[in-house]
Amino acid sequence: MIRARGLGYRFPGADHLAVQDVDLQLQAGELCLLTGPTGCGKSTLLRLLAGLLQRHGSGEVQGEASVAGVDPGRTPPSERVRRLGFVGQEPSDQLIAGSLEDEVAFAMESAGIPAERMRARVPELLRRVGLELDLGRDPRTLSGGQCQRLVVAAALSAGAPVLLLDEPLAMLDPLGARELIARLRQLADEGTAVLMVEHRVAACWEAADRVLVMAEGRLVGQATRAELRPDHAVIGTLAALGIRPPGAAALDPIPTPSPPDGVLRSFPELSWRYPGAARPALAPLSLELRAGERLAVCGPNGSGKSTLLHRLAATADPGIVAVPQDPDLSLFCSSVWEELAYGPQERRSGEVERTVRRVARALSIEELLDRAPQALSRGQRLRVAVAAALACGPRVLLLDEPTAGQDHDQVEAMMTALTEELREGALVFATHDLELARRFGNRALRLRDGLCEQRGTPDEVLSGSPRAGEPG
Amino acid sequence: MDPRARILLVLFAGLLGLALERPLALLIFALAMALPFMGLSINKRELARAGLALLSVIWGTVLSQALFYSAEPRTPLFVLGPVVFWREGVLWGLAQSLRLVGLLLVGLALVRSTPVDRLYLALVRLRLPFAVALMAATALRFLPVIGEELRLVRAARAARGRPIWARSPLAWVRLELRLLAPVVARSWRRASALAESLDARGFDPVGPRGTLRPLVWRWTDSLLLVLSGTLTAAIVLARLLYLLYTSEALYIPALRPLYAAVRAWM
């Protein structure tokens, strides 16, 4: 179904190939996981196979690709949509229409499928991805997980036998991730060839027929499910690239330098209800934050984790600084240096340069200080946003989903730096990654439907979770 | 109502707004244009926000015209030291702002009552170039998203800096302008993702395309368009004849009652 021979791509002006010499074959009914460190060329390879870079990019394409019998770069869109479905990162940015029905039907309209067939197929597709909602509902009102399923249904609607997905689990909680993987496995069992780029290796490991590992633009390892044993070379390759292979022993929790002590901030009642909503997004909740505390806020998609962080940020306390889920929204200066210096300058701190150097070193972005923040990769932009927040010397730092789009090593380095930097402050981080919560949290809180279900140590809270032990 | 009929009605409203000049006529025009807007289900908060925005448009225009009206004749309404408020300026400002308010209201009613994809389909069926139709529809779809992002950027900035009122107006403006950078960069990324999404889902600007819900033109759409089109054409024609008369290009004695009516009412 997918065949690539010597496939490569060089971005305009780049002196090296982002993808090079990729030979690849994928059969019908095969679910293949493509993984590798951030920036290794996985998404570029996927976009080449989808024919998008050939049509939209102005770089140099090498080699050849064939998907469902056609060259994706030279096939008209209305024909190509019958051959392959593509789901990129950030599902919310891919929404086109004003209702679920129109969103799913869009590709069918492109393929010229009769209206009667479309009407029959839309509910069936939504059912297949587990999204049985009102067809007239506005897609922008869906949660991240629901949005992800919608774009999968939309990509499949024209009957494509090949599905390419770029980090479909990035924003999903463990249950949502498990459900989506099960749906993809089912699609593969029905004959669809599925190629999926993903950082959350453990979540897809069991379902995948084959694992491909990529580094520096090349495929550096692969193994079929039958071959995958703990001593297989691919396991060693993954470990060498900083990707934790499934089955690896859980990392020990990071010890607290000194036990949390002294209340930094106290919030007797935090709550929030959206105008017109039947129930609150966050039911009244009291919270005390202590020096040295690292509070992990856990819970499924839509449980109120981000809302809790928003309410903490909305207290307008100058000691509380938040890094939003989308780090781009906190970067507004023309260089990384200016971005890091903004907070200390605004706070009339006399040690601007020393502060900038210190946080840049802590977050490993010293070599980026002269670059424009908006020109960096997503992982780098997140680290700049975190460093800029740290430079303000916050008493409480709020961090929303720090793992999205990051590989394990990057998250580990960033969280370790924060632990060091915030020894006398408090860190509150919302995450669906249970292992991250266990390793870096020294207190945890679990939300569901806006209600605080449980709070305590990470072990107490996460062992009480019905989904504890699932891979994040 | 078919979205094509809605777009044509807004077009007629635009012509009507341009053809009227008397404050009373423009007040009636603005009130008539407010009717479809009031018919929408809008929550009180949004309604209050829209009302405040429209009042500030009227207030700003009337005040600036009252102060800076320069045509003759002009009559002082009242004097505050060296500042004179001109009566004709107030009337002129009122007329201009009512025209703008009427057009804004009818435009808002169209955008709020028509899903963006239906609007896009209607624009294409009205033979608008696809690129213009797609840009217009996409811009409308993302306006609220961009507004929300601007709010988030401002909140993130506020968390890292001094309050906005703690700086000079010039520094405030400079800082506000800097906030556009992340929003523009984010919009650029979103536009690229959307373009790829459209392409990946087979959108072909020049190829044939099916539709799940075809646009349906009813006889009531035709009737409404004939009535509103006739009224608009009559008022625009009357205004044109009046303009020809006042510019001494064409005078038809039999039309003297029409000239009088235009001068008095339109």
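A note on names: the letters A, B, ... follow the listed sequences, proteins ahead of strands, and every chain is numbered from 1.
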| request: Tell me, for A:Ala105 versus chain B, whether the close heavy atoms (under 4.5 Å) come from the side chain, the backbone, both or neither. | output: side chain
| For chain B, the option from A:Ser334, A:Ala155, A:Ala107 that forms the most heavy-atom pairs under 4.5 Å | A:Ala107
| In terms of heavy-atom proximity below 4.5 Å to chain B, should A:Arg119 be classed as side chain, backbone, both, or neither? | both
| query | Taking atom CH2 of B:Trp217 as the centre, does the number of heavy atoms from other residues, nucleotides or ligands within less than 6.0 Å exceed 12? | reply | yes
| message | For A:Ile320, which atoms come within 4.5 Å of any heavy atom of chain B: side chain, backbone, both, or neither? | response | backbone
| remark: So, the part of A:Glu101 with a heavy atom under 4.5 Å from chain B: the answer is both
| query | With side chains defined as the heavy atoms from C-beta onward, is the minimum distance between B:Phe203 and A:Val81 less than 4.5 Å? | reply | no
| Where does A:Ala314 contact chain B at under 4.5 Å (heavy atoms): side chain, backbone, both or neither? | neither
| said: Measuring only between side-chain heavy atoms, which start at C-beta, is B:Glu149 closer than 4.5 Å to A:Asp328? | reply: no
| note | Ranked by heavy-atom pairs below 4.5 Å to chain B, first place among A:His310, A:Arg82, A:Arg140 goes to A:Arg140
| Considering only heavy atoms from C-beta outward, does the side chain of B:Glu196 approach that of A:Arg47 to under 4.5 Å? | yes
| Using non-hydrogen atoms only, which part of A:Arg381 is less than 4.5 Å away from chain B: side chain, backbone, both, or neither? | side chain
| query | Is a side-chain donor or acceptor of B:Arg213 paired with a backbone partner of A:Asp102 at a separation under 3.5 angstrom? | reply | no
| Non-hydrogen atoms of chain B under 4.5 Å away: do they reach the side chain of A:Ala154, the backbone, both or neither? | both
| What option among B:Leu212, B:Leu194, B:Asp204 has the most heavy-atom pairs under 4.5 Å with chain A? | B:Leu212
| query | What closest approach, in Å, do B:Ala181 and A:Phe332 show between heavy atoms, and which atom pair accounts for it? | reply | CB-O, 4.5 Å
| So what's closer than 4.5 Å to chain B heavy atoms on A:Val323: side chain, backbone, both or neither? | neither
| note | B:Arg201 and A:Ser110 have their tightest heavy-atom pair at O-OG, 2.8 Å
| query | Quick one: what part of B:Leu150 sits under 4.5 Å from any heavy atom of chain A, side chain, backbone, both or neither? | reply | neither
| query | Looking at CZ of B:Arg186 and CG of A:Leu331, how far apart are the two atoms once the value is rounded to the nearest 0.5 Å? | reply | 12.0 Å
| Minimum heavy-atom separation for A:Ile96 to B:Ser197, with atom names? | CD1-OG, 3.8 Å
